[in-house]
Amino acid sequence: MSLHLEHLNPEQLAAVTLPNGHALVLAGAGSGKTRVLTTRIAWLIQSGHVTPGGVLAVTFTNKAAREMVQRLAAMLPVSPRGLWIGTFHGLANRLLRAHHQEAGLPREYQILDTQDQLSAVKRLARSLNIDEDRMPPRELQRFINAQKEEGLRARDVPAGDDLTRRQVEFFASYDEQCQREGVADFAELLLRSFELLSRNEILRQHYQARFRHILTDEFQDTNRLQYRWLKMFAGPQSRLFAVGDDDQSIYGFRGAHVGNLAEFEKEYAKGQVIRLEQNYRSEGNILAAANALIANNAKRLGKNLWTAAGQGEPLRVFQGDSDADEARFVAEEVAALARGEGGEGLRLADIAVLYRSNAQSRVLEHALFGAAIPYRVYGGLRFFERAEVKHALAYLRLMASPADDNSFLRVANFPPRGIGARSMELLQDAAKQKGASLFAAAEFSSAKALPFRKLIEELQSETRGLPLPETVGHVIARSGLIEHYKKDREGADRVENLEELVNAAAAFTQEEREIEAGEESEPLAAFLSHAALEAGEHQAAEGQDALQLMTVHSAKGLEFSAVFMSGLEEGLFPHEQSLAEKDGLEEERRLAYVAITRARARLYLSFAQTRMLHGQTRYSLPSRFLEEVPERLKKWLTPRFARARAAGPEAPARKNAAYFPKKETFFAASRDLAGFRIGQNVTHPKFGSGVIIDAEGDGGEARVQVNFGRQGVKWLAVAMAKLQAA
DNA sequence: CGTAGAAACTTTTTT
DNA sequence: AGTTTCTACG
């Protein structure tokens, strides 16, 4: 039992042992925030300030929650069972399972993930004859989630214009549909549990009296509903402890409200703010780069991150001719780092390749595969999101919860069993008329669907009392899924994944079940929740040393000896979509800040001049973030991209000006443009550096369209403009 | 009803 | 480019 308080610096110690009162800890990257949080919980318990059952600790990711439980288990002689540690969604689910009746939900309610929610929205839009061009399902989905994240139901949303009024109406119907089918989306878990406690005074008092210490990690990422949710648990005796970093707020797009930090300080912490500013992770140059970059943001609470470490190496900058070229560089460099080149080689698992969007992983994977470097990709399509796995889960969900129409529609005719579009339509009409579920309607009004209903009922009785893995195994076989994929030439992977699902069920232990869902839950119900809430982050090849590939978002909270930040191009990072959003550029910059601060000793910054995206070649300029890192900290590995400074103050960024997709054609590429070609980098005496993105005319008449980044996009006559090849 | 191939669509980040 | 949806045909 060792808390090792002696290893903490004064600020960390103060945060850990704060005796009473609420507190806000502003913790910079690498300042030991997770350690402070876990050590505080251990300290509170060990010193008798609270019993394990009186702790409520909330994180954003399952990974963070698991890590916290593990670290606690190492520090304390208590089992993590009694502790309420988990993600917002996991804990909300736990609460709702325990009080499903009071919350107005069926015992076996199912959780809709993003995919499921979209199909539910589409289905409803169709049944309401909604014009999908005027109200695209995706936008309806976004609208609904945004409202729920603000804590609003349809009746609470002011319907100003006509469009909003329609959206609100749809929102109301959507919630009715969910209620009827016994399902809850992610935001619903939070909102429903919030409403449960705010309405039910007895329950609220019970939990308020129970939770003496409420601790939250990554507080900058909470949305308004989550903040209210936390406050709900805080009774007069409770103490709130929030840890966050405004510079690492990167979830604005899903409703995170950085303002919560300031509001928390005003409402609770009241000046009890502890700043952790010493960085223990990165060497000097890396930290200097991060500090210089983030200084460009106007909206900051402000802090001064420093390190006692030496300067270390400069940041290495690489310019690739293409995305493939960049990927090749990454692969070669990773191989060299692993070999060690005179020093001690790095473990692959201690090296990360980060990118802005998942689509970028493919070209990297290709190069790594070619170089025989083992790698693991995080994010992207996760295990429980794969089609075949979702099919299997749909059978299981129907068995547990027959009213789940989403699942019914997913597998009633998969594998094909003669229930075509027409039969399904008739069944849906019948169900609608009677206000019944599809499963119920299958009994009396569809000869075609009846055998399917029978199959589900047989599965229910055949698996009654069986252990979970055997239930899953039986279902994938009896449903015909395995057989169906075995017939498919390319179905081998899918069969493997289905078999892996049985393993996942076996690995889903008693202990995990209790931590995630509470003590009294059914094994199957708990497993289905687990599948929806934790999309299967940790699958496959565990244990083997492998390079880590992930988006910057999923890298938050992690650290590596060497980090590759790839695709540093205008339009990609910062992403062009973000520039149209309010405070979008600042959020992108915080994202870049998160990426830089993941590195301990070595950091690579790379970009490519051309990139294949969605089947088109894009020509792009280096990211402005690259320029915001001072030159003295960088070492160029490739001849420096000549960048003549434009005279005068910089023009404000123009929306979408920097990044234009352009179909590459032989015609355009081979046309006589007086020595220039599309995609070429050029400089102009007034506008600075740019890239040619289009052309018209030939020879002496030729005009080219040049993207000058922040200076905008201009058409220039080649003969007149003093363009120079760069 | 089921399938194959064509056409259309997407085009950021995630619990 | 990859995925989903549509269309034509057996």
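Heavy-atom basis, side chains included; hydrogens, waters and symmetry copies ignored. Naming convention: chains lettered A, B, ... in sequence-line order (proteins, then strands); numbering from 1 in each chain. Just so it is clear, the structure is predicted and the values come from calculations on it, not from any experiment.
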Of A:Thr114 and A:Ser578, whose nearest nucleotide on DNA chain B comes first from the 5' end?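 Result: A:Ser578.
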Closest approach to the side chain of [X], judged atom by atom: which nucleotide of [options] is it?
X: A:Arg422; options: B:dG2, B:dC1, B:dT12; answer: B:dC1
X: A:His575; options: B:dT12, B:dT15, B:dT13; answer: B:dT12
X: A:Met612; options: B:dG2, C:dA1, B:dC1; answer: C:dA1
X: A:Phe253; options: B:dT14, B:dC1, B:dT12; answer: B:dT14
X: A:Arg138; options: B:dT14, B:dT11, B:dG2; answer: B:dT11
X: A:Lys122; options: B:dT14, C:dG2, C:dT5; answer: C:dT5

Quick one: label [X] by what it contacts on the DNA or RNA (base, sugar-phosphate, nothing), any heavy atom closer than 4.0 Å.
X: A:Tyr251; result: sugar-phosphate
X: A:Lys556; result: nothing
X: A:Arg417; result: sugar-phosphate
X: A:Phe186; result: base
X: A:Asp113; result: nothing
X: A:Ala187; result: nothing
X: A:Ser423; result: sugar-phosphate

Quick check on A:Glu483: does its CD atom have over 12 non-hydrogen neighbours (other residues, nucleotides or ligands) under 6.0 Å away?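 No, CD of A:Glu483 has 12 or fewer neighbouring heavy atoms, counting only those of other groups under 6.0 Å.
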For atom NE2 of A:His366, decide whether the heavy atoms of other residues, nucleotides or ligands shown that lie under 6.0 angstrom number more than 12.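 Open.
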Euclidean distance, atom [atom1] of residue [X] to atom [atom2] of [N] [Å, nearest integer]:
X: A:Gln577; N: B:dT13; atom1: CD; atom2: C1'; result: 11 Å
X: A:Asp583; N: B:dT12; atom1: CG; atom2: P; result: 19 Å
X: A:Glu218; N: B:dT14; atom1: CD; atom2: P; result: 14 Å
X: A:Tyr378; N: B:dT15; atom1: OH; atom2: P; result: 14 Å
X: A:Glu588; N: B:dT12; atom1: CD; atom2: C1'; result: 8 Å
X: A:Lys63; N: B:dT14; atom1: NZ; atom2: P; result: 11 Å
X: A:Asp323; N: B:dT11; atom1: CG; atom2: C1'; result: 15 Å
X: A:Asn145; N: B:dT12; atom1: CG; atom2: P; result: 17 Å

Regarding [X] and [Y], is there a side-chain donor-to-acceptor distance under 3.5 Å anywhere?
X: A:Asp246; Y: A:Gln220; value: no
X: A:Tyr378; Y: A:Gln548; value: yes
X: A:Asn93; Y: A:Tyr109; value: yes

Distance below 4.0 Å between [X] side-chain N/O and [N] OP1 or OP2:
X: A:Asn358; N: B:dT13; result: yes
X: A:Thr551; N: B:dT14; result: yes
X: A:Arg382; N: B:dT14; result: no

Measure from the side-chain N and O atoms of A:Glu588 to the backbone N and O of A:His575, and report whether any donor-acceptor pair falls under 3.5 Å.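 Yes, A:Glu588 side chain to A:His575 backbone: donor-acceptor pair under 3.5 Å.
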What distance, rounded to whole Å, do you find between the two C1' atoms, one in C:dT4 and one in B:dT13?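 To the nearest whole Å, 22 Å.
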Given the C1' atoms of C:dT5 and B:dT12, what is the spacing between them in whole Å?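 The answer is 24 Å between these two C1' atoms.
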Please state whether the rings of A:Phe414 and A:Tyr485 are parallel, tilted or perpendicular, taking 30° and 60° as the class boundaries.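 Because their plane-to-plane angle lies in the 30° to 60° range, the rings of A:Phe414 and A:Tyr485 count as tilted.
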Compare the ring of A:His89 with the six-membered ring in the base of B:dT15 and state whether they stack (centres under 5.5 Å, planes under 30°).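 Base of B:dT15: not stacked against A:His89.
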